[in-house]
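Notes follow once the structure below has been shown.
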Amino acid sequence: MQQDIKPRLVRVDDFVAETLEAEADLMPPSEISQADIWRDVAKDLRASKSTKMVRVWEETEQKSAAASTG
C-alpha cells in the first residue's frame, strides 16, 4: 500500500489535545490517574478561545488497485 501525505490546518490547542488524548489511550492501567489528568488538560485546551493555527502533515494509506480487485 502507498502512503499519501496531506496537510491539515488545525488549531494549536486542538492538536495538543489530540496528542495528549492519544498518549493517554496508550498508557497502561497502572497509570490511569496520569491518563485522566492528560484527558482533563485536553478538555481544557479544547475549550480555550485561542485561534492560533498550525499546519500538520498526516499520512493516509491508499488502497492499491490490485488489492481492491481481489
Side-chain angles (χ1 to χ4, degrees):
M1 283 188 229
Q2 211 176 23
Q3 294 272 337
D4 189 26
I5 300 176
K6 296 194 176 208
R8 177 171 66 110
L9 191 61
V10 63
R11 267 187 350 129
V12 170
D13 288 352
D14 290 333
F15 179 75
V16 174
E18 290 171 9
T19 304
L20 288 174
E21 290 167 341
E23 288 295 320
D25 290 343
L26 296 175
M27 291 180 130
S30 63
E31 295 184 29
I32 194 162
S33 61
Q34 182 64 43
D36 288 342
I37 291 169
W38 285 8
R39 287 187 182 99
D40 287 342
V41 171
K43 181 180 173 184
D44 291 343
L45 285 168
R46 289 189 190 283
S48 78
K49 304 270 192 246
S50 173
T51 58
K52 293 180 181 179
M53 303 293 279
V54 65
R55 178 176 291 136
V56 295
W57 295 88
E58 297 179 331
E59 293 181 358
T60 57
E61 287 188 18
Q62 291 182 342
K63 296 179 182 177
S64 66
S68 64
T69 60

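A distance of 8.0 Å separates CE in M53 from CG in D14, rounded to the nearest 0.5 Å. Considering CG of D25 and CG of L20, their distance stands at 11.0 Å, rounded to 0.5 Å. I37 contributes atom CD1, which lies 11.5 Å from atom CD1 of I32 (distance to the nearest 0.5 angstrom).
M27 and Q34 get closest at one heavy-atom pair: CE-CG, 3.5 Å. Shown here for S50 and R11, the closest heavy-atom pair between the two residues is O-NH1, 2.7 Å. Residues P7 and W57 come closest through the heavy atom pair CD-CZ3, 3.4 Å.
With respect to the salt-bridge test (charged N to carboxylate O, under 4.0 angstrom), the residues R39 and D36 qualify.
Using a 4.5 Å heavy-atom threshold, the side chains of I5 and E58 count as separate. Counting only heavy atoms from C-beta outward, the side chains of E21 and K43 never approach each other to under 4.5 Å.
Among the candidates V10, V16, D13, the single residue satisfying the side chain to side chain contact (heavy atoms under 4.5 Å, CB included) test with V54 is V10.
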